[in-house]
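Encoded as structure tokens, the structure appears first; notes follow it.
Computed from a prediction, not measured in an experiment: that's the story for all the values here. To find a chain, count down the sequence lines: A is the first, B the second, and so on, and within it residues start at 1.
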Protein chains: 2
Amino acid sequence: MTVIAPPQGLTIAEASERTGLTTHTLRYYERDGLMLRGVGRTSSGHRVYTERDLTWVRMLTRLRATGMPIREVKAYAALCRQGDGNETERLALLQNHRARVLAQLAEVTEHLGAIDNKIGIYQSTLERTES
Amino acid sequence: MTVIAPPQGLTIAEASERTGLTTHTLRYYERDGLMLRGVGRTSSGHRVYTERDLTWVRMLTRLRATGMPIREVKAYAALCRQGDGNETERLALLQNHRARVLAQLAEVTEHLGAIDNKIGIYQSTLERTES
DNA sequence: CTGACGCTTCGAGCGCACTCGAAGTCAAGC
DNA sequence: GCTTGACTTCGAGTGCGCTCGAAGCGTCAG
């Protein structure tokens, strides 16, 4: 049907393409209350994504990609939805997350070091055996 | 009952304490074929963990903590179980994992940078508003 | 001898984050 | 006016990694 993208709006398929999320996931995020506000609709009920929506989805993606659980993303979305006045809470939430991510990065890096040692051992074993 | 730890062996409770895994998880790992070989038993059927078992569990933990899926840990265990001669495969598996972990670290770090920017924005918003 | 405890096995259940399928609607092209 | 196909909603299903509970047994303290 080649839905004509309404002025300044994108279809869910286009939004999917630009965000790298599936249409299923985009609908799921909206259903689950992760969007700032419900995505707009055409007269026939099709979703219309604006650039603001995509910007928000990209933020979501960053939070998710750094391991923030959906319920917490939802909490952050709720704060943003409320409007001005709760910046302190938003900041605290993000700083909390940041601290957890840093701890996680440190832990993974440490474990990776040990795995690297193991890799080194196999490499020297193979060198001694080779030819 | 205070099971007397058999000479050079640890009960599952002790193994749990030293590895930080629950007894449930330790049994699950054994059931699922992640251990190098089945853990030994006392005459009454209780598990006896050796230091070698614990060393292996610690390696498991590192692989898991860096995001290796259980099925791949299982593959690695199977290679080790086979004995000498497949060091090349083991090395390849670990190097593959290492590459994925590095990519993951880079991605998370990049996303974290963007989140840090957001944090910075909230901080300056609050500074301007404060007092 | 009795009770409590800590282990045993087995299988079911859970939380998370999607992922998918079915059935229906609507606009456009032929 | 009929077909096509991208969309809609709803609810169920999937994969992962545990996590838990029930039922039973062996050993030790009292």
- Are the side chain of B/Asn96 and the backbone of B/Leu93 linked by a donor-acceptor contact shorter than 3.5 Å? no
- If you pin A/Thr22 and A/Ser44 to their nearest nucleotides in DNA chain C, which one's is more 5'? A/Thr22
- Message: Any side-chain to backbone donor/acceptor pair from A/Arg81 onto A/Met35? Under 3.5 Å, distance only.
- Response: yes
When the side chains of residues 67-75 of chain A are checked against the rest of the protein, which donor-acceptor pairs come out under 3.5 Å, sequence neighbours left out?
from	atom 1	to	atom 2	distance (Å)
A/Glu72	OE1	A/Arg100	NH2	3.1
A/Glu72	OE2	A/Arg100	NH2	3.1

- Query: Expressed in angstrom and rounded to an integer, what is the separation of A/Leu21 atom CG from C/dC18 atom P?
  - Reply: 8 Å
- Counting only side-chain N and O atoms of B/Arg41, is one of them less than 4.0 Å from OP1 or OP2 of C/dT9? yes
- Query: Taking NE2 from B/His46 and P from D/dG24, how many angstroms apart are they, rounded to a whole number?
  - Reply: 16 Å
- Is A/Ser16 reaching over with its side chain to a backbone N or O of A/Leu21, donor-acceptor style, under 3.5 angstrom? yes
- Task: Rounded off to whole Å, could you give me the CD-to-P distance for the A/Glu30 and C/dC18 pair?
- Result: 16 Å
Pick out the pairs of N or O atoms, protein on one side and nucleotides 16-18 of chain D on the other, that lie under 3.5 Å.
from	atom 1	to	atom 2	distance (Å)
D/dC16	OP1	B/Arg71	NH2	2.8
D/dG17	OP1	B/Ile70	N	3.4
D/dG17	OP2	B/Ile70	N	3.3
D/dC18	OP2	B/Tyr29	OH	3.0
D/dC18	OP2	B/Arg64	NE	3.0
D/dC18	OP2	B/Arg64	NH2	3.1

- Message: Just the rounded figure in Å: distance from P of C/dT8 to CG of B/Leu26.
- Response: 10 Å
- Item | Between D/dT19 (P) and B/Arg27 (CZ): distance, integer Å | 14 Å
- Query: How many Å lie between CG on A/Asp32 and P on D/dG11, as a whole number?
  - Reply: 14 Å
- Would you mind telling me which of D/dC20, D/dT8, C/dA27 lies closest to the side-chain atoms of B/Arg31? D/dC20
- Task: Determine yes or no for a side-chain-to-main-chain donor-acceptor pair under 3.5 angstrom, with A/Trp56 supplying the side chain and A/Arg37 the backbone.
- Result: no
- Item | Test item: A/Glu14 side-chain N/O and A/Thr11 main-chain N/O as donor-acceptor pair under 3.5 Å | yes
- Task: Would you indicate what B/Arg47 reaches in the nucleic acid, counting non-hydrogen atoms under 4.0 angstrom: base, sugar-phosphate, or nothing?
- Result: sugar-phosphate
- Query: Quick one: does B/Glu30's side chain have a donor or acceptor within less than 3.5 Å of a partner on B/Val39's backbone?
  - Reply: yes
- Donor-acceptor pair, A/Thr109 side chain versus A/Leu105 backbone, under 3.5 Å? yes
- Message: What is the separation between atom CG on A/Leu10 and atom P on D/dA6, rounded to the nearest whole Å?
- Response: 17 Å
- Message: Using whole Å, what does the distance between atom C1' of nucleotide C/dT19 and atom CD1 of A/Ile12 come to?
- Response: 14 Å
- Would you say A/Thr11 reaches D/dC7's phosphate, i.e. side-chain N/O to OP1/OP2 under 4.0 Å? yes
When you compare the protein's N or O atoms with those of nucleotides 21-23 of chain C, which come within less than 3.5 Å of each other, and at what distance?
none

- Message: Keeping B/Glu89 on the side-chain end and B/Glu87 on the backbone end, is there a donor-acceptor pair under 3.5 Å?
- Response: no
